[in-house]
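Here is the structure we will look at, set down as structure tokens.
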Amino acid sequence: MTIPDNSSLQKATFFLTGFQGMEDLHGWISIPFCSIYMTVILGNLTILHIIRTDVTLHEPMYYFLAMLAFTDLGLCLSTLPTVLGIFWFDAREIGIPACFTQLFFIHTLSLVESSVLLSMSIDRYVAICNPLHYSTILTPACIVKMGLSAVLRSALLILPLPFLLKRFQYCRSHVLAHAYCLHLEIMKLACSSIVVNHIYGLFVVACTVGVDSLLIFLSYALILRTVLSIASHQERLRALNTCVSHICAVLLFYIPMIGLSLVHRFGEHLPHIVHLLMSYVYLLVPPLINPIVYSIKTNQIRERIIKKFEFVRSLMCFRQD
């Protein structure tokens, strides 16, 4: 698909980009991406189904895990239509309303994930540092309030972004560098000053991801202090083992985010494909790996998944007989 020059561009249109210079290979490139999307959807739906159907898993830790799976699923579905649309149909054109809607969901769900990870760290802190009051502190009502506050905080902070972008005139190229819409990228195409957008973007990151990461670090510092005060070596290991899955989820979220920020800030000399791959890693790797980590490291989840597979296999064998 050829991109028209600025003079013939429609005002209400942006153009997304796949892997530049590799358009002939988009069909082949779509295979691993399609596999990743299918794995993300199946993995997170499996986690949600197991937690919903097994009453023994109706506990705070698994409610927060369900929130994480639901957020990862939403983040995956936010980018799926445009990414696979480019690879399969070369559908690069996207209207500004659709672009801003996608932008809103991508950024909102990213912030929700940060909030959920903070909630999970609070869950681990209460479970290890104050176990006798675990069920009285993290009541169902408290969990619902934490989930709703995560969604409301994220949505209300991201809601101004589309309106801040809407006021711009886009006199430069309408071609975006990715297969989906992001605030930082769109605002760079504006003709006028983007200082307000820059300042507000930094404010949102500081009061969400910045505060969340600081509180997560603080919670684990308190957890470590409590664990080190336990006399039994076995009890220490058991307490720390309950945190391994969450620590992996935190690292999977923050390391790609930091890496992407560094690439955008200092990697202007790097090939475009590096920026592209880092953005895909940031958006797709956490939703892909989180269900795998929790399925392997959480005994209760692993046992239920094995039972489900055994039930399906026995049912298939029964039908064949």
Side-chain angles (χ1 to χ4, degrees), residues 16 18-19 26-54 57 62-89 91 94 98 101-117 120 147 150-151 154 178-182 245-246 248-253 256-257 276-298 300-313 315-316:
L16 304 171
F19 286 84
H26 274 181
W28 293 103
I29 295 172
S30 71
I31 295 174
F33 275 89
C34 189
S35 301
I36 289 171
Y37 277 117
M38 287 180 63
T39 305
V40 169
I41 292 169
L42 289 174
N44 286 288
L45 283 178
T46 300
I47 296 290
L48 289 170
H49 173 71
I50 288 173
I51 293 173
R52 187 181 71 85
T53 56
D54 194 329
L57 299 181
Y62 301 105
Y63 287 140
F64 290 126
L65 177 55
M67 291 181 197
L68 182 66
F70 191 80
T71 305
D72 282 341
L73 191 61
L75 196 56
C76 164
L77 294 176
S78 297
T79 60
L80 184 149
T82 52
V83 172
L84 294 186
I86 287 177
F87 291 148
W88 287 349
F89 310 111
I94 184 171
T101 301
Q102 185 184 51
L103 173 152
F104 172 79
F105 280 106
I106 289 175
H107 289 300
T108 297
L109 290 169
S110 295
L111 297 187
V112 169
E113 180 143 352
S114 176
S115 300
V116 171
L117 291 172
M120 296 173 83
V151 173
S154 304
H178 299 92
Y180 41 81
C181 299
L182 297 173
S245 299
H246 178 252
C248 291
V250 170
L251 294 177
L252 284 169
F253 179 77
M257 175 183 283
L276 207 58
L277 289 175
M278 282 301 301
S279 67
Y280 283 122
V281 167
Y282 168 62
L283 287 176
L284 294 180
V285 168
L288 175 68
I289 304 298
N290 281 339
I292 298 173
V293 169
Y294 276 94
S295 299
I296 294 173
K297 294 301 298 179
T298 308
Q300 293 87 339
I301 298 290
R302 184 175 66 249
E303 289 170 2
R304 270 57 171 194
I305 291 175
I306 292 171
K307 286 181 180 179
K308 291 286 183 183
F309 278 113
E310 288 177 348
F311 173 75
V312 171
R313 187 173 61 180
L315 192 62
M316 291 176 64

*Should the heavy atoms of other residues, nucleotides or ligands under 6.0 Å from CZ of R52 be counted, would the total exceed 12?*
no

*Neighbour count above 12 (heavy atom, 6.0 Å) for F105 CZ*: no

Which value, rounded to the nearest 0.5 Å, describes the distance between [X] atom [atom1] and [Y] atom [atom2]?
X: T46; Y: I41; atom1: OG1; atom2: CD1; value: 11.5 Å
X: M67; Y: L65; atom1: CE; atom2: CG; value: 10.5 Å
X: H246; Y: F64; atom1: NE2; atom2: CZ; value: 10.0 Å
X: D72; Y: L77; atom1: CG; atom2: CG; value: 11.0 Å
X: L182; Y: H107; atom1: CG; atom2: NE2; value: 5.0 Å
X: I292; Y: S245; atom1: CD1; atom2: OG; value: 12.5 Å

Any side-chain to backbone donor/acceptor pair from [X] onto [Y]? Under 3.5 Å, distance only.
X: N44; Y: P287; answer: yes
X: N290; Y: P286; answer: yes
X: E113; Y: L68; answer: no
X: T79; Y: C76; answer: yes
X: S114; Y: S110; answer: no

*Check step by step if side chain to side chain contact (heavy atoms under 4.5 Å, CB included) holds for Y62 and I50.*
CA-CA 10 Å; Y62 301 105; I50 288 173; over 6 Å; no

Does some side-chain heavy atom of [Y] sit less than 4.5 Å from a side-chain heavy atom of [X]?
X: S30; Y: H26; value: no
X: I51; Y: I301; value: yes
X: L75; Y: V112; value: no
X: H178; Y: V83; value: no

*asked:* Is the ring pair F87/F19 parallel, tilted or perpendicular, if the boundaries are 30 and 60 degrees?
replied: parallel

*Could you walk me through whether L284 and V40 pass side chain to side chain contact (heavy atoms under 4.5 Å, CB included), step by step?*
CA-CA 8 Å; L284 294 180; V40 169; 5.6 Å; no

_Partners meeting disulfide bond (SG atoms under 2.5 Å apart) with C181 (sequence neighbours left out)_ = C99

Closest heavy-atom contact between [X] and [Y]?
X: S295; Y: I47; result: OG-CD1, 3.9 Å
X: A150; Y: S154; result: O-OG, 2.8 Å
X: S78; Y: L109; result: OG-CD1, 3.6 Å
X: T82; Y: A179; result: OG1-O, 2.7 Å
X: A66; Y: L48; result: O-CD2, 3.3 Å

*Does a side chain donor of either Y180 or S279 reach within less than 3.5 Å of an acceptor in the other side chain?*
yes

